[in-house]
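What follows is a set of notes on a single structure, which appears directly below.
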Amino acid sequence: MTHMVLEEKQSLEERCNQILKNMEASLTARDRVGIQDFVLLDPYTSESAFLENLRKRFHENLIYTYIGTLLVSVNPYKDLDNYSKKQMDTYMGVNFFELPPHIYALADNVFRTMQSEFNNHFILISGESGAGKTEASKKVLQFYAVSCPSTRLLNNVRDRLLLSNPVLEAFGNAKTLKNDNSSRFGKYMDIQFDHQGGAVGGHILSYLLEKSRVVHQNHGERNFHIFYQLVEGGEEDLLRWLGLERNCQHYSYLVQGDCAKVSSINDKSDWRTVRKALSVIEFSEKDIEHLFGIIASVLHLGNIKFEPDARGYASLNKNQELHWVSKLLGIPSQVLQQGLTHRKIEAKTEEVFSPFSVDHAIYARDALAKAIYGRTFNWLVNKVNESLANKDSSRKTVIGLLDIYGFEVFNVNSFEQLCINYCNEKLQQLFIQLTLKSEQEEYEMEGIEWEPVPYFNNKIICDLVEEKHRGIISLLDEECLRPGEATDLTFLEKMEEKIGGHPHFVTHKLADQKTRKTLDRGDFRLLHYAGEVTYCVVGFLDKNNDLLYRNGKEVMQQSKNVIIKHCFPSTEPDNKRRPETVVTQFKSSLVGLTETLKSKEPWYIRCIKPNEAKQPGRFDDVLVRHQVKYLGLMEHLRVRRAGFAYRRKYDIFLQRYKPLCPDTWPNWKGTAAEGVRCLIKHLGYKPDEYKMGRTKIFIRHPRTLFATEDAFQVCKHKLATRIQAKYKGYRVKGDFMKQREAATKIENCWRGMMARKEREKRAWAVKVIKKFIKGFITRNQPACVENSEYLAYVRQNYLTRLRDNLPKTVLEMRSWLTPPPIMQEVSKLLKKIYIRHMVGKYVHGITTQRKAQLLLKAQTSSMFKGKKENYPFSVCRPFQDTRISVEDINIKVLQMIRHEHIKYSVPVVKYDRNGFRPRLRQLIFTQDAAYLVEEAKIKQRIDYSSLKGVSVSNLSDNFLILHVTCDDIKQKGDLVLQCDYLFEALTKLSVVADKLKCIKVVQGSVRFDIQPGREGFVDFKNGQESMVYRAKNGHLMVESTRTKSR
Ligand SMILES: Nc1ncnc2c1ncn2[C@@H]1O[C@H](COP(=O)(O)OP(=O)(O)O)[C@@H](O)[C@H]1O
Ligand SMILES: [Mg+2]
């Protein structure tokens, strides 16, 4: 947070510096063309310096200069190319002081202030006639038309706002000596904006049209533009229908000034603009027809000539003009004629028509023309207002544009000039009040240290004109209304009598010697704020009375022309009750205007006229100096210089800028003043940049405020983003919650489904297990429903298991899977089958040699299996054909027994029959006999026929005793032998000698014959270790270790 604040603070300062830099940059860049804001003028009290700056800039076509937020504009009298759309864009939304001064900058600033503060404003455009007020007001209007947000509907309003101008100018402007397009009426225009800044409507108030111009123009001046436009531009048909000729010289109302044609005015093209504008502002064809009927009638009226009849009264005979007026206004010509030549006098109960003199008739005609034109003008303004009116009742803010006739001094000044100049006095007074007086009073009220700036207060002149009972207006009204012979001169006398001593009033009679020379007898002079003006009293009373003879009015009431009908309603009060005089009406309308303006925020454009000749590039020092003076620009500058550009009530200021400081945002607890103090401390305002008043903060330079405002704009966006983010977050959270809810719901359903599945599975499992258990329990019962499945399972299970675990060889049959009870029988059968299968397989795969070998082994088995202890060890030792190869048998021996075929031979240990000495011998089996051989000697031959038997012990020794039949004493006895291949040798012997039956396994001891009649014994026993020795009893003792059975 502090970081952010620091950033903001920094950017505020940076912004401030940036603005300053920009200002300085543009200032230095344009140094030679002076300064853009008089506030920055160094000798700010010097009128010459002020003028110099204006002139410098003027010569560089820089017609705009600021005094703070007041815009000074010097009429260039030439088209400058700085009013393009691009220029408008440049100035849109840019701070006042960041770009060179421009009317667009002011307009934009007003608009944005209105937008942000949502209040009403007005732009007071002042300056003398021809200074550029009307142009300025048009520029402002155009700016709004382009810059405001637009929609189709708004575009409509915009077009009407824009096009109301040429229409009103055509009917209300005229060429004067001062200005070729001089506004001859005052105009105050409200532009209404909705809260989005769209221009949604408008309203125009018009003030005192200079009607006298309709019937009379001074030399070098023209009537209202519309007359010339119609005559010059009107279509042939239209002119024919109106009875007009395309020649201004034919109309006496158009030729008095002797300048119907002006080079700066193009009546033809203006006509087209007006015609188009009228249709856009929704004038119906009928309206237009009647409107131009009236304009034409005025021209015709002007041409009506009266002849004195025999008695000297005015007469009108077969007047062509009369005919046209009658046709165009829809009034019988008889009636019209009567109205123009007679006056109706009411004498008690009856009405008498008294004829006019020619002069009177002319007067009445002119009065009628003025009345018609004047009222039509008002109708026109109302009509425009109808078209601009916004019917929607929602609250709107307005920007008022006041473009009122400027201060005017002609050679001969009349009633109109008095009104115009009085109006200017009033506006000047308002300006003084709003800027100089009230400003200084405010400082005083707020307790701000202040050195008062003296200024000329024109109240004294305003009072001179408008004061009740004593003012010129009162005196004039008095003269107009009093019975008896009142004339312009009696009015003058009255003024001399009542206000003769006033310092701002002088007449021929009152003047000193020197001044008197400049005055005529019928003149009076006012020292206006803007200068001296000499008025000629001639016509004052008439113009003020604005009398239209009563039957003139009545004649008009008969008109068929809708506009005239509308303008002369039959309900209008007759002249029994006198209507308010012109000047009084004007005065009260000015009071109304001032009230309207006072309720709004003022902005000023002060227009200055550089020369009287309407020439571009000419800067008349004296003329300009005079305007600078009476416009109070110097005083304004001094107040601005010393004062504060901006002030706001603490609460309003705080309310707007509180987001800029963490302590004041979002709410400040203390007083608004403390809050503001805290806020500006945070923003880093320097002590000389502001002052704290009693109820308001005063900020000296606009740039400080602009920097603050810029920071606020940035901050506003940040805040908006934050709020937006919060809102989005809230929305997203909502969405998320919904999604989560949905997800939970789905999850719940899913889980439910899964749980149900699981439950089903479990239920199924329980059922299966139950069945299984039941099956298990009843497994031994005969097959029934309850155990059938279980048994099937057991069966299958056993069979598959058996399949996977079948013994690989017959020898492994012991690993045959133990069958469950019900499978015992099956198992047995299977085992048998399997064994047979295995055996078959084995047998099929066996070689003949191996078969022979195995047959021998089987023989061995049959002889010893289960009988001799060490037999099992022999099983795995394969038999060989012989243990002694033929080469190892002595050749002699071989020669002796070759014929008998040696079948087998094996090394043995022979134990002597006496003494039991062990001797290594070879034992050879032939077809017929067994031989004991020692090297080359056959030690003993035992014919198989004489072999009685063979004894072996049941223990694990390797002894064998061959028992022989011994008939002969010389014959050797039984043989006691030890042979490592005992079983092999014995088996071979049993086969070769076919002595299977005579091989005996004995226990304990074996008796043998040493020689016939002499016996010996071999005792067998198990001992600790294997050993052979002669026992004490003379027996051969063979001890063998007990072999563990496999
Ligand atoms: N900004 C301007 N640029 C160019 N010409 C201007 C400008 N302002 C005024 N003029 C010229 O001066 C004439 C008088 O201006 P206008 O606004 O009618 O004066 P005012 O209304 O003060 O009597 C215009 O007709 C125009 O020729
Ligand atoms: Mg004007």
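Whatever order the structure lists ligands and atoms in, that order sets their numbers, starting from 1.
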Task: Numbered atoms of ligand 1 (with element) below 4.0 Å of Tyr77, judged on heavy atoms - done: 12 (O)
Open item on the list: With nothing but distance in play, are any N or O atoms of Leu80 less than 3.5 Å from an N or O of ligand 1?
Closed with: no
Open item on the list: Is atom 12 (O) of ligand 1 touching the protein, meaning some protein heavy atom lies under 4.0 Å away?
Closed with: yes
Task: Nearest-neighbour protein heavy atom for atom 21 (O) of ligand 1, which is reported as residue plus atom name and distance - done: Thr134 OG1, 2.6 Å
Task: Cys607 heavy atom under 4.0 Å from ligand 1 - done: no
Task: Protein heavy-atom partner closest to atom 26 (C) of ligand 1 - residue, atom, separation in Å - done: Glu135 CG, 4.1 Å
TODO: Just jot down the ligand 1 atoms closer than 4.0 angstrom to any heavy atom of Tyr83, in number order.
DONE: 1 (N)
- [ ] Considering the heavy atoms of Asn181, write down every atom of ligand 1 situated less than 4.0 Å from one of them.
- [x] 18 (O)
Task: Within reach of ligand 1, part of Lys78 (heavy-atom separation under 4.0 Å) - done: backbone
Open item on the list: Is it the case that the side chains of Asp366 and His216 hold a donor-acceptor pair, with the cut-off being a distance below 3.5 Å and no angle test?
Closed with: no
Task: Mutual orientation of the aromatic rings belonging to Phe619 and Phe58 [parallel < 30°, tilted 30-60°, perpendicular > 60°] - done: tilted
Task: Ring geometry between Trp603 and His121 (parallel below 30°, tilted from 30 to 60°, perpendicular above 60°) - done: tilted
Open item on the list: For atom 10 (N) of ligand 1, what is the closest protein heavy atom, and at what distance to 0.1 Å?
Closed with: Asn75 OD1, 3.0 Å
Open item on the list: Using a 3.5 Å distance criterion without hydrogens, assess whether the side chain of Asn413 forms a donor-acceptor pair with backbone atoms of Phe410.
Closed with: yes
Open item on the list: Are the side chains of Leu526 and Ile461 in contact, using a 4.5 Å heavy-atom criterion?
Closed with: no
TODO: Give a yes or no on whether the ring-centroid distance for Phe224 and Phe171 is below 6.0 angstrom.
DONE: no
- [ ] Look at atom 15 (O) of ligand 1 and say which protein heavy atom is nearest, naming residue and atom and giving the distance to 0.1 Å.
- [x] Gly132 CA, 3.6 Å
Task: Ser129: numbered ligand 1 atoms lying under 4.0 Å from its heavy atoms - done: 23 (O)
Task: Atoms of ligand 1, numbered as shown, that sit under 4.0 Å from any heavy atom of Glu128 - done: 22 (O)
TODO: Verify the distance criterion only: is there a donor paired with an acceptor across the side chains of Thr594 and Lys426 at less than 3.5 Å?
DONE: no
- [ ] Determine the sole option in Lys261, Arg222, Lys175 for which the salt bridge (Lys or Arg N to Asp or Glu O under 4.0 Å) test with Asp180 is passed.
- [x] Lys175
Open item on the list: Tell me which one of Val538, Val537, Val533 satisfies side chain to side chain contact (heavy atoms under 4.5 Å, CB included) with Tyr535.
Closed with: Val533
Open item on the list: Please report whether ligand 1 has a polar contact with Ser182, defined as an N or O pair separated by less than 3.5 Å (distance criterion only).
Closed with: no
Task: Residue and atom, protein N/O/S, under 2.8 Å of the Mg ion (ligand 2) - done: Thr134 OG1, Ser183 OG
Task: Nearest neighbour in protein (non-hydrogen) for atom 23 (O) of ligand 1 - done: Gly130 N, 2.6 Å
Task: atom 16 (P) of ligand 1 - nearest protein heavy atom and its distance - done: Asn179 ND2, 3.4 Å
Open item on the list: Taking the six-membered ring for Trp, are Tyr630 and Phe407 closer than 6.0 Å centroid to centroid?
Closed with: yes
TODO: Determine yes or no for a side-chain-to-main-chain donor-acceptor pair under 3.5 angstrom, with Asn458 supplying the side chain and Glu425 the backbone.
DONE: yes
- [ ] Fit a plane to each ring of Phe456 and His504, take the angle between them on a 0 to 90° scale, and name the class: parallel (under 30°), tilted (30 to 60°) or perpendicular (over 60°).
- [x] tilted
- [ ] With the side chain counted from C-beta on, respond yes when Asn421 and Glu408 share a heavy-atom pair under 4.5 Å apart, and no when they do not.
- [x] yes
Task: Centroid separation Phe377 to Phe185 less than 6.0 Å - done: yes
Open item on the list: Give me the residue, atom name and distance of the protein heavy atom closest to atom 3 (N) of ligand 1.
Closed with: Pro76 CG, 3.3 Å
